[in-house]
Amino acid sequence: MALSVTEREQFLAEPHIGALSVLESPDRGPLSVPTWYDYEPGGELLILTAVGSRKGKAIEAAGRFTLLAERVEPTVRYVSVEGPVTGIVHGTEEELVRMAHRYLPPDKAAAYLEFARSDHPDQLVVRMRPRHWLSADLGG
């Protein structure tokens, strides 16, 4: 059963691991990678990626991407959004900290932030405006 606009936006706003897909080359299937993301109902979807990353280069070249968020409990539910990139800017420390705390408990966030700052200190913030939605709840 398809989700209502409110249900799908609320679900997407929850901290699921997203599966991001973007066309990287016309002679291959899309690049698909797991990613953290942020979204507020009615707004833009935001991801962080390292400067120079394969994912970031593909998104910049394609100008759009798809993100799928799903769960399996208590019912199988998913939301998929696709749309144009509305901005790519250098990320800030505040955005990195916010994303880490969105996905990790406080006792794990500090270690992740230390790793992220040393392993990929230069981040890009990529914003996408959801234009096409697919959603369903297959249970209940």
Side-chain angles (χ1 to χ4, degrees):
M1 173 182 278
L3 302 177
S4 70
V5 170
T6 300
E7 289 171 325
R8 74 185 188 199
E9 288 189 342
Q10 173 131 13
F11 182 82
L12 190 61
E14 297 170 1
H16 304 283
I17 303 297
L20 184 145
S21 296
V22 59
L23 185 61
E24 186 176 31
S25 170
D27 60 337
R28 294 185 60 178
L31 171 68
S32 294
V33 294
T35 193
W36 292 351
Y37 69 91
D38 199 5
Y39 174 77
E40 291 185 22
E44 295 179 323
L45 187 130
L46 175 150
I47 65 158
L48 298 177
T49 190
V51 170
S53 71
R54 184 176 171 189
K55 172 175 60 178
K57 289 177 185 176
I59 291 169
E60 190 169 6
R64 60 190 323 108
F65 64 92
T66 298
L67 184 115
L68 169 72
E70 67 177 326
R71 71 165 196 216
V72 294
E73 296 289 335
T75 60
V76 175
R77 180 177 278 200
Y78 71 88
V79 170
S80 177
V81 293
E82 185 276 338
V85 171
T86 59
I88 301 175
V89 298
H90 283 277
T92 66
E93 174 72 9
E94 293 79 24
E95 289 160 326
L96 178 62
V97 169
R98 180 175 177 204
M99 191 71 77
H101 285 280
R102 173 175 162 80
Y103 281 92
L104 299 171
D107 62 320
K108 303 289 184 194
Y112 170 78
L113 287 166
E114 183 178 322
F115 160 76
R117 290 177 187 123
S118 66
D119 189 64
H120 43 275
D122 296 322
Q123 295 277 320
L124 294 175
V125 173
V126 179
R127 295 183 182 280
M128 180 259 277
R129 170 65 63 186
R131 290 285 182 235
H132 303 101
W133 295 74
L134 294 173
S135 65
D137 190 324
L138 305 176

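As the structure is a computational prediction, the values presented were derived from the model and not from experiment. All residue numbers refer to positions in the sequence shown, counting from 1.
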S.K.: Could you tell me if the side chain of Ser80 sits less than 4.5 Å from the side chain of Thr66, heavy atoms only?
M.R.: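 Yes, at least one pair of side-chain atoms sits under 4.5 Å.
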S.K.: According to a hydrophobic-cluster definition based on side-chain heavy atoms being under 4.5 Å apart (Ile, Leu, Val, Met, Phe, Trp, Tyr only), do Val51 and Val125 belong together?
M.R.: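 Same hydrophobic cluster.
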S.K.: Working to the nearest 0.5 angstrom, can you tell me the gap between Glu14 CD and Arg77 CZ?
M.R.: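 Glu14 atom CD to Arg77 atom CZ measures 8.0 Å (nearest 0.5 Å).
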S.K.: Atom OG of Ser4 and atom CD of Glu9: how far apart are they, to the nearest 0.5 Å?
M.R.: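 With rounding to 0.5 Å, OG (Ser4) is 9.0 Å from CD (Glu9).
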S.K.: Going by heavy atoms in the side chains, are Leu46 and Tyr39 under 4.5 Å from each other?
M.R.: no
S.K.: What I want to find out is whether Glu93 reaches Arg117 closely enough, with some N-O distance under 4.0 Å, to be called a salt bridge.
M.R.: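 Looking at Glu93 and Arg117, the cut-off is met.
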S.K.: Hey, quick one: are Val5 and Phe11 part of the same hydrophobic cluster, counting side-chain heavy atoms closer than 4.5 Å, chains of contacts allowed?
M.R.: no
S.K.: Treat each ILVMFWY residue as a node, draw an edge where side-chain heavy atoms are under 4.5 Å apart, and state whether Phe115 and Val97 are in one component.
M.R.: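 Per the 4.5 Å side-chain linkage, Phe115 and Val97 are co-clustered.
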S.K.: In Å, rounded to the nearest 0.5 Å, how long is the span from CG of Asp38 to CZ of Arg98?
M.R.: 4.0 Å
S.K.: Could you please spell out the steps behind the side chain to side chain contact (heavy atoms under 4.5 Å, CB included) verdict for Val126 and Phe65?
M.R.: CA-CA 10 Å; Val126 179; Phe65 64 92; 3.9 Å; yes
S.K.: Under 4.5 Å between any side-chain heavy atoms of Leu67 and Thr35, yes or no?
M.R.: yes
S.K.: So Val79 and Leu3, side chain to side chain contact (heavy atoms under 4.5 Å, CB included) or not? Walk me through it.
M.R.: CA-CA 9 Å; Val79 170; Leu3 302 177; 3.9 Å; yes
S.K.: Output yes when Arg131 and Glu82 qualify as a salt bridge under the 4.0 Å nitrogen-oxygen rule, no when they do not.
M.R.: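 So Arg131 does not pair with Glu82 through a salt bridge.
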S.K.: Please tell me if the side chains of Val89 and Leu124 come closer than 4.5 Å, counting only heavy atoms from C-beta onward.
M.R.: no
S.K.: Can you classify the ring geometry of Tyr112 versus His120 as parallel (below 30°), tilted (30 to 60°) or perpendicular (above 60°)?
M.R.: tilted
S.K.: Mind listing the closest non-hydrogen atom pair of Lys55 and Val33 along with its distance?
M.R.: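 Shortest heavy-atom separation between Lys55 and Val33 comes out as CD-CG2, 3.7 Å.
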S.K.: Mind running salt bridge (charged side-chain N to carboxylate O under 4.0 Å, His left out) on Asp137 and Arg71 for me, showing each step along the way?
M.R.: CA-CA 10 Å; Asp137 190 324; Arg71 71 165 196 216; 3.6 Å; yes
S.K.: State, yes or no, whether a side-chain contact exists between Leu45 and Arg127 at a heavy-atom distance under 4.5 Å.
M.R.: no
S.K.: Should the pair Arg102-Glu40 be classified as a salt bridge under the 4.0 Å nitrogen-to-oxygen rule?
M.R.: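 So Arg102 does not pair with Glu40 through a salt bridge.
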S.K.: Please determine whether side chain to side chain contact (heavy atoms under 4.5 Å, CB included) holds for the pair Ile47 and Trp36, giving the CA-CA distance in whole Å, both sets of side-chain angles, and the decisive distance to 0.1 Å.
M.R.: CA-CA 7 Å; Ile47 65 158; Trp36 292 351; over 6 Å; no
S.K.: If you define the side chain from C-beta out and look only at heavy atoms, does anything of Tyr78 sit under 4.5 Å from Val72?
M.R.: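 No, too far: nothing below the 4.5 Å cut-off.
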S.K.: Which heavy-atom pair separates Pro41 from Ala13 by the least distance, and what is that distance?
M.R.: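 Nearest heavy atoms, Pro41 then Ala13: CD-CB, 3.9 Å.
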S.K.: What about Tyr37 and His16, are their ring centers closer than 6.0 Å?
M.R.: no
S.K.: Using every non-hydrogen atom in the two residues, find where Gly56 and Ser53 come nearest and quote the distance to one decimal.
M.R.: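 Heavy-atom minimum between the residues: N-OG, 2.9 Å.
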S.K.: Taking all non-hydrogen atoms of both residues into account, name the closest pair between Arg129 and Gly43 and its distance.
M.R.: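 Arg129 and Gly43 have their closest heavy atoms at NH1-O, 3.5 Å.
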S.K.: Do Gln123 and His90 have side chains that approach each other closer than 4.5 Å (heavy atoms only, starting at C-beta)?
M.R.: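 Not touching, per the 4.5 Å side-chain cut-off.
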S.K.: Linking I/L/V/M/F/W/Y whenever their side-chain heavy atoms sit closer than 4.5 Å, directly or via other members, would Leu68 and Val81 fall into one cluster?
M.R.: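 Result: no, two separate clusters.
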S.K.: State which residue, out of Leu31, Leu23, Val22, fulfils the side-chain contact (heavy atoms from CB on, under 4.5 Å) condition with Ile59.
M.R.: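 Looking at Leu31, Leu23, Val22, the match for Ile59 under the side-chain contact (heavy atoms from CB on, under 4.5 Å) is Val22.
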S.K.: To the nearest 0.5 Å, what is the distance between CD1 (Ile88) and OG1 (Thr49)?
M.R.: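 One finds 9.5 Å between CD1 of Ile88 and OG1 of Thr49.
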S.K.: Is any side-chain heavy atom of Leu113 less than 4.5 Å from a side-chain heavy atom of Leu96?
M.R.: yes
S.K.: Do Leu48 and Ile17 land in one hydrophobic cluster if side-chain heavy atoms of ILVMFWY residues count as linked below 4.5 Å?
M.R.: yes
